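Here the structure is laid out as structure tokens; the discussion comes afterwards.
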Amino acid sequence: MNSTIAITGAAGQLGGELAKQLGGAAASLTRSQFDLSDDDSIRRVLAELRPSVLINCAAYTAVDMAETDADACFRANAKAVATMAELCHDLNIRFVQISTDYVFDAYAGIPTPLSEETPTSPQGIYAQSKLQGELAAATAPNHLIVRTCGLYGGGPTKRNFVETMIRLSESKPELRVVNDQRCTPSYCRDVATAVLRLIRQDATGLYHVTNSESVTWYDMAQEVFSLTRRSTHVHPITTTEYGAPAPRPAYSVLSLNKYAQATGQEMPTWRDALQRYLADRRFA
Ligand SMILES: NC(=O)c1ccc[n+]([C@@H]2O[C@H](COP(=O)([O-])OP(=O)(O)OC[C@H]3O[C@@H](n4cnc5c(N)ncnc54)[C@H](OP(=O)(O)O)[C@@H]3O)[C@@H](O)[C@H]2O)c1
């Protein structure tokens, strides 16, 4: 055992940001070193590295493709997590699993931010696989599970809502964006900082970590184009009109109360985070 913090999915959005913030303290693991579909590679790497903390940011994240690729999705998001949890138990490693607001579905009545106690109801294959991953991660004695939402970060090469809007606006004067899904898109930089804060404070159990306040994807698109001074016209449409293969929660605004109580910190608002991301990206 040493003081290394191992990060899986280090070439991804959140894993890349965590690796950046941790600098030399991180062992950054990408798919070629640590393959979620290969239990032997998971066992070998963890036995060799013996990190003090394992942060699992690797995941099958192609939400729509998962609907017709369930085996690979469950393999990566549930079975591999169970293997990691077992090894973390055996090797006395603190296990940090990243999960998603998609474990929730629709809301009944007046929408209120969803707490860590709110019953889950995952609808699609990706959502179900991530909830199974949470349950598997919770079998590790020293675990932290962080649910987040709508991640963006890492610049133009990454696949996320903000980058998709910017890319599409380069060829299309008009876009149709759903206006009946409300959540809190979150900047990876802020989420990574919050995850590291929770780790430093030895927090265990389940936490919600997103930027604060909430927005629909339609409003988020309008804000992206306003901040990047683009004239792209955005039309609001419904989830049904958009017709994505995988279901999405209509309301998945996560309550940040538990995080605030544990750390004494408020998360920046989604609007502030988006401004900073676009400024960092040299647009604003
Ligand atoms: N993106 C979101 O909006 C969002 C929202 C809520 C929660 N989350 C959760 O947050 C975490 C991080 O998400 P992210 O947006 O940073 O994801 P991401 O950018 O898609 O990165 C995921 C990483 O996982 C790696 N990966 C995929 N399959 C793998 C396999 N079989 N073996 C090894 N590595 C594999 C990918 O490797 P390659 O680079 O080689 O493909 C990629 O680097 C995930 O647990 C995700 O479920 C994401």
Side-chain angles (χ1 to χ4, degrees), residues 6-21 28-42 44-46 54-66 69 71-81 83-84 95-104 114 120 122 124-134 136-137 144-165 181 183-192 194-195 206-211 217 220 244 246 248-249 252-254 270 273 277:
I7 302 167
T8 72
Q13 300 191 96
L14 184 59
E17 184 59 40
L18 280 161
K20 199 157 113 191
Q21 292 191 21
S28 299
L29 302 170
T30 59
R31 191 191 289 254
S32 60
Q33 301 143 304
F34 190 95
D35 186 348
L36 297 177
S37 63
D38 176 3
D39 274 353
D40 287 344
S41 101
I42 297 175
R44 191 178 55 250
V45 170
L46 289 181
L54 170 65
I55 311 179
N56 179 34
C57 296
Y60 186 115
T61 55
V63 175
D64 288 321
M65 206 191 297
D69 194 18
D71 285 353
C73 183
F74 274 97
R75 179 78 193 73
N77 293 352
K79 186 161 185 299
V81 180
T83 303
M84 283 181 249
F95 188 33
V96 181
Q97 167 69 4
I98 308 298
S99 193
T100 172
D101 60 316
Y102 279 26
V103 297
F104 295 111
L114 307 163
T120 53
I125 298 293
Y126 166 80
Q128 288 161 15
S129 74
K130 290 296 289 184
L131 182 59
Q132 268 199 24
E134 287 189 8
L144 170 66
I145 299 165
V146 175
R147 287 186 189 139
T148 187
C149 171
L151 293 178
Y152 61 88
T157 59
K158 299 296 184 203
R159 300 188 76 80
N160 57 56
F161 180 83
V162 176
E163 291 302 334
T164 300
M165 288 301 109
Q181 290 170 30
C183 65
T184 313
S186 298
Y187 185 14
C188 282
R189 181 166 296 178
D190 294 343
V191 174
V195 168
L206 175 61
Y207 282 82
H208 288 173
V209 173
T210 63
N211 282 122
W217 294 113
M220 180 80 173
R248 264 84 173 161
S252 57
V253 181
L254 303 184
W270 68 265
Y277 175 62

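Quantities reported herein were computed from a predicted structural model and do not represent experimental measurements. Both counts, for ligands and for their atoms, begin at 1 and track the order of listing.
The aromatic rings of W217 and F161 are tilted relative to each other, their planes meeting at an angle between 30° and 60°.
The number of heavy-atom neighbours closer than 6.0 Å to NZ of K158, taken from other residues, nucleotides and ligands shown, is above 12.
With hydrogens and angles disregarded, no donor-acceptor distance shorter than 3.5 Å links the side chain of T120 to the backbone of V103. At least one donor-acceptor pair under 3.5 Å links the side chain of Q21 to the backbone N or O of R189. Without hydrogens or angle criteria, T148 side chain to T210 main chain gives no donor-acceptor distance under 3.5 Å.
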Polar pairs, ligand 1 vs protein, N/O only, below 3.5 Å.
{"residue": "ligand 1", "atom": "3 (O)", "partner": "L151", "partner atom": "N", "Å": "2.8"}
{"residue": "ligand 1", "atom": "15 (O)", "partner": "Q13", "partner atom": "NE2", "Å": "2.9"}
{"residue": "ligand 1", "atom": "16 (O)", "partner": "Q13", "partner atom": "N", "Å": "3.2"}
{"residue": "ligand 1", "atom": "16 (O)", "partner": "L14", "partner atom": "N", "Å": "2.8"}
{"residue": "ligand 1", "atom": "19 (O)", "partner": "Q13", "partner atom": "N", "Å": "2.9"}
{"residue": "ligand 1", "atom": "20 (O)", "partner": "T61", "partner atom": "OG1", "Å": "2.7"}
{"residue": "ligand 1", "atom": "24 (O)", "partner": "A59", "partner atom": "N", "Å": "3.2"}
{"residue": "ligand 1", "atom": "28 (N)", "partner": "R31", "partner atom": "NH2", "Å": "3.3"}
{"residue": "ligand 1", "atom": "31 (N)", "partner": "D35", "partner atom": "OD1", "Å": "3.4"}
{"residue": "ligand 1", "atom": "32 (N)", "partner": "D35", "partner atom": "OD1", "Å": "3.4"}
{"residue": "ligand 1", "atom": "32 (N)", "partner": "L36", "partner atom": "N", "Å": "2.9"}
{"residue": "ligand 1", "atom": "40 (O)", "partner": "R31", "partner atom": "NE", "Å": "2.9"}
{"residue": "ligand 1", "atom": "41 (O)", "partner": "R31", "partner atom": "NH2", "Å": "3.0"}
{"residue": "ligand 1", "atom": "43 (O)", "partner": "G12", "partner atom": "N", "Å": "3.1"}
{"residue": "ligand 1", "atom": "45 (O)", "partner": "I98", "partner atom": "O", "Å": "3.3"}
{"residue": "ligand 1", "atom": "45 (O)", "partner": "K130", "partner atom": "NZ", "Å": "2.7"}
{"residue": "ligand 1", "atom": "47 (O)", "partner": "Y126", "partner atom": "OH", "Å": "2.7"}
{"residue": "ligand 1", "atom": "47 (O)", "partner": "K130", "partner atom": "NZ", "Å": "3.0"}

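S129 and Q132 are not linked by any side-chain donor-acceptor pair at a separation below 3.5 angstrom, with hydrogens and angles left out of the test.
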